[in-house]
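Take a look at the structure set out below.
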Amino acid sequence: MNYLNTGNTWRYRPILRFFYEQHGYRTQLKAEDILQHLKQFDDFESYTIDDLKKDLDALEGWKNITTRQETNDYYTIEEFKSKRFKYQATHYTIQIERFLETLESNKTDFGGGSLDKTLFDRIMEALIHLHAMDLTTQPEEVYRRWEDLMEYFRRLDRKTSDYLAHISSFQAEDEMLSEAFLIRRQDLVNYLRDFVLVLQKKIPLLQHILEEKFHEEWIGEIIEQVAAYQLSIFRFGEKLSPEAVKKRLRDEWSSIFLWFCGEDSDAKNVMTQTGEIIRKMLRFASRLMESKQYLRSRKQEFWDLARHFYELGNDEQAHELASVVIGVGHTKHFACEENDNSGRIESFWDIDQEPIKLGSRKPGYRSKGKISGIANNNVKQKELLEAYMREQEEIKQSFLLLIQEEKIELTELPVLTRPQRQKILELVNRCLHAADHTGRTEWGQTFKWAPGDGSVKVQCLDGELIMPRGTLHLQARGLPYENQR
């Protein structure tokens, strides 16, 4: 890529772009053809064949092009001695120019990405088709299904990450603080919300397919078929290693599995990041509306308030309205140090007055910081982590106690603690939003929602909760995906 940043880049780039444009039509070019193409530009009016050959030699040294001498169509000895050459662009040069063309033609959209909801359905269909292969399926067909799946996944990963990075950029934040954004705010909220809803519905289904259908032996068989087809493709140069091909295919499968089913999966991160973007956007909109409200004239509001006071019948009602609108007029504010609890002082009024240091109110004023060492909190962090793990285990065990005879009957629930109530609500919400009315807990259990008639009152330690009547049936692990539907 040296030719992109040199003093002669203005000459190198048109030469290699001509090679790229002719790629597929004429892979080998003569110097005379290249010079004829360059002469149509004003910058190359005084450009000679000798200048071109020097530039071609420099590009050959950087391995952008390869050179081969012509060995036919010579009519004189002078022509043979002149060493006529043909030039061909290398594979790397074609890829670089193709990338540059993408940057030039898609400046407004490049890197912006999108949240394509249909890709989840395409990935699910591709997984089902890949799983449907059998001994009669040809390696070419297995390879096609594998490539369809990976192409859909790459598009999902690339578009989603690009779009989230785009709307999280500084430029997007600046636009969120503009008045024009208030008009389009709801469109962005609806766009993000629709994507999150689809994500919540499709992720459990995709997790079930990846975990239950594609066991290790089956994946190994598929990779063997795909690798066999790729190795059968004829190529010049160094022959591909079977171990390297299988390792690359295994890495591709691991990436899609971790994206959906990993402990810290990208799917969860996308949902978290999308929620944070929505909250940030609403916060910016609220701040902008407050600033507009602050600068707005309050004349009409004061006239309305004055009319309310005028229409009141007596002073007592006027005092009541004033206390709500203006506040209590005789309020005093006290500030003091923390009360002495040693027992030496019997009354609050016996505490000696102490001066309170006030800081400067100048804009941009910052108090001087104190230099201190960095404390080593490893022991405390370990204790907090252990306490958190114990708390999570207690929450898990308290939830499992609610499962009676492979089901959770909402009408027979005991008085719930706050963690139990939160887990029940999360599970019911996942089941109601899923197409097959199934939902999974973070501990791996899958439940299917069976609705009942009416509603039920669930007693909790912190109140009474009204929920739809129904039963959560625990599903056996390893149950086929079609049967669960």
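Counting from 1, the numbers follow the sequence of the chain as shown.
Atom CD of Gln381 is surrounded by more than 12 heavy atoms from other residues, nucleotides or ligands within 6.0 Å. Around CZ of Arg418, the count of heavy atoms belonging to other residues, nucleotides or ligands within 6.0 Å does not exceed 12. Within a 6.0 Å radius of CG in Asn5, no more than 12 heavy atoms belonging to other residues, nucleotides or ligands are found. Counting heavy atoms of neighbouring residues, nucleotides and ligands inside a 6.0 Å radius, atom CZ of Phe309 exceeds 12 of them. Within 6.0 Å of atom CD in Glu405, 12 or fewer heavy atoms from other residues, nucleotides or ligands are found, so the atom counts as exposed in its surroundings. Residue Lys280 places its NZ atom among more than 12 non-hydrogen atoms of other residues, nucleotides or ligands, all under 6.0 Å distant. Applying the 6.0 Å contact sphere to NE2 of His91 captures no more than 12 heavy atoms from other residues, nucleotides or ligands.
Looking at heavy atoms from C-beta onward, Glu140 lies out of side-chain contact with Arg144 at the 4.5 angstrom threshold. Here the side chains of Leu402 and Pro414 are in contact, with some heavy-atom distance below 4.5 Å. The shortest distance between side-chain heavy atoms of Met1 and Ile96 falls below 4.5 Å. Considering only heavy atoms from C-beta on, Arg440 comes within 4.5 Å of Glu211 through its side chain. Counting only heavy atoms from C-beta outward, the side chains of Lys423 and Leu427 never approach each other to under 4.5 Å. For the pair Gln230 and Leu249, the minimum side-chain heavy-atom distance is below 4.5 Å. Contact check for Thr417 versus Arg421: no side-chain heavy atoms found under the 4.5 Å cut-off. Proximity of Trp253 to Trp146: side-chain heavy atoms (C-beta onward) are separated by under 4.5 Å at one or more points.
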Q. Checking side-chain contact (heavy atoms from CB on, under 4.5 Å) for the pair Val458/Glu464: CA distance, chi angles, key distance, verdict?
A. CA-CA 6 Å; Val458 179; Glu464 186 177 73; over 6 Å; no

Q) What's the verdict on side-chain hydrogen bond (donor to acceptor under 3.5 Å, both in side chains) for Gln445 and Thr441, showing C-alpha distance, side-chain angles and the deciding distance? A) CA-CA 6 Å; Gln445 298 87 3; Thr441 65; 2.6 Å; yes

Q.
Evaluate Trp218 against Met133 for side-chain contact (heavy atoms from CB on, under 4.5 Å), listing each step before the verdict.
A. CA-CA 10 Å; Trp218 190 233; Met133 62 165 281; 3.6 Å; yes

Q.
Could you go through Gln225 and Tyr143, starting from their C-alpha distance and side-chain angles, then the distance that decides it, and tell me whether this counts as side-chain hydrogen bond (donor to acceptor under 3.5 Å, both in side chains)?
A. CA-CA 7 Å; Gln225 295 272 15; Tyr143 172 76; over 6 Å; no

Q: Would you sort out whether Ser114 and Asp116 count as a side-chain hydrogen bond (donor to acceptor under 3.5 Å, both in side chains), showing the intermediate values?
A: CA-CA 6 Å; Ser114 63; Asp116 193 347; 5.5 Å; no

Q) Is there a salt bridge (charged side-chain N to carboxylate O under 4.0 Å, His left out) between Arg145 and Glu141 once you walk through the steps? A) CA-CA 6 Å; Arg145 298 179 186 181; Glu141 177 64 19; 3.0 Å; yes

**Q.** side-chain contact (heavy atoms from CB on, under 4.5 Å) evaluation trace for Met467 with Leu410
**A.** CA-CA 8 Å; Met467 298 178 59; Leu410 298 188; 4.0 Å; yes

Q | Test side-chain hydrogen bond (donor to acceptor under 3.5 Å, both in side chains) applied to Thr137 and Asp134, step by step | A | CA-CA 5 Å; Thr137 307; Asp134 52 28; 3.0 Å; yes

Q. ring-ring contact (aromatic ring centres under 6.0 Å, His included) between His131 and Phe214: does it pass, once the steps are laid out?
A. CA-CA 7 Å; His131 181 266; Phe214 290 90; 5.5 Å; yes

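A salt bridge is absent between Lys448 and Asp436; no separation between the charged side-chain nitrogens and carboxylate oxygens falls under 4.0 Å. A salt bridge is defined here as a Lys NZ or Arg NE, NH1 or NH2 lying under 4.0 Å from an Asp or Glu carboxylate O, and Arg248 with Glu252 meets this definition. A salt bridge does not link Lys396 to Glu442: none of the charged side-chain nitrogens sits closer than 4.0 Å to a carboxylate oxygen. Here Glu394 does not pair with Arg390 in a salt bridge; the nearest charged N to carboxylate O distance is not below 4.0 Å. A salt bridge is defined here as a Lys NZ or Arg NE, NH1 or NH2 lying under 4.0 Å from an Asp or Glu carboxylate O, and Asp453 with Arg469 fails to meet this definition. Between Asp304 and Arg307 there is a salt bridge, with a side-chain nitrogen of the basic residue lying less than 4.0 Å from a carboxylate oxygen of the acidic one. Salt-bridge check for Arg158 with Glu151: failed, with every basic side-chain N at 4.0 Å or more from each acidic carboxylate O.
Distance alone, capped at 3.5 Å, places no donor-acceptor pair between the Asp157 side chain and the Phe153 backbone. The backbone N or O of Leu164 sits nowhere less than 3.5 Å from a side-chain atom of Asp162 that would complete a donor-acceptor pair. Within the 3.5 Å criterion, the main-chain N or O of His473 finds no donor-acceptor partner in the side chain of Glu406. Asn314 places a side-chain N or O within donor-acceptor distance of the main-chain N or O of Gln317, the cut-off being under 3.5 Å. A donor-acceptor pair under 3.5 Å is formed between the side chain of Gln420 and the backbone N or O of Ser398.
Across Leu210, Leu149, Asp148, a single residue satisfies side chain to side chain contact (heavy atoms under 4.5 Å, CB included) together with Ile123, and that is Leu149.
Residues Lys201 and His433 share a closest heavy-atom pair of CG-O, 2.7 Å. When all heavy atoms of Ile203 and Ala267 are compared, the closest pair comes out as CD1-CB, 3.7 Å. Closest non-hydrogen pair, Ala318 versus Leu312, comes out as CA-CD1, 3.5 Å. Closest approach of Cys431 and Gly439 over heavy atoms only: SG-N, 3.4 Å. Taking both residues in full, the closest heavy atoms of Pro468 and Val456 are given as O-CG1, 4.0 Å, listed atom of the first, atom of the second, then distance.
The aromatic ring centres of Phe195 and Phe120 sit less than 6.0 Å apart. Residues Tyr163 and Tyr191 place their aromatic rings such that the two centres sit under 6.0 Å apart.
In this structure, His129 NE2 and Glu125 CD are separated by 6.0 Å, a value rounded to the nearest 0.5 Å. Rounding to the nearest 0.5 Å places CD of Gln459 at 11.0 Å from CG of Leu413. Atom-to-atom distance recorded for Ile209:CD1 and Lys202:NZ is 10.0 Å, nearest 0.5 angstrom. We find the CD-CD distance between Glu221 and Glu217 to be 10.0 Å, quoted to the nearest 0.5 Å. In this structure, CH2 on Trp259 lies 9.5 Å from CG on Leu206, to the nearest 0.5 angstrom. Rounding to the nearest 0.5 Å gives a distance of 6.5 Å between CG of Leu115 and OG1 of Thr274.
With 3.5 Å as the limit, one finds no donor-acceptor pair spanning the side chains of Glu426 and Gln422. Between the side chains of Gln404 and Glu409, not a single donor N or O lies within less than 3.5 Å of an accepting N or O.
Aromatic ring orientation, Phe399 versus Phe447: perpendicular (interplanar angle above 60°, classes split at 30° and 60°).
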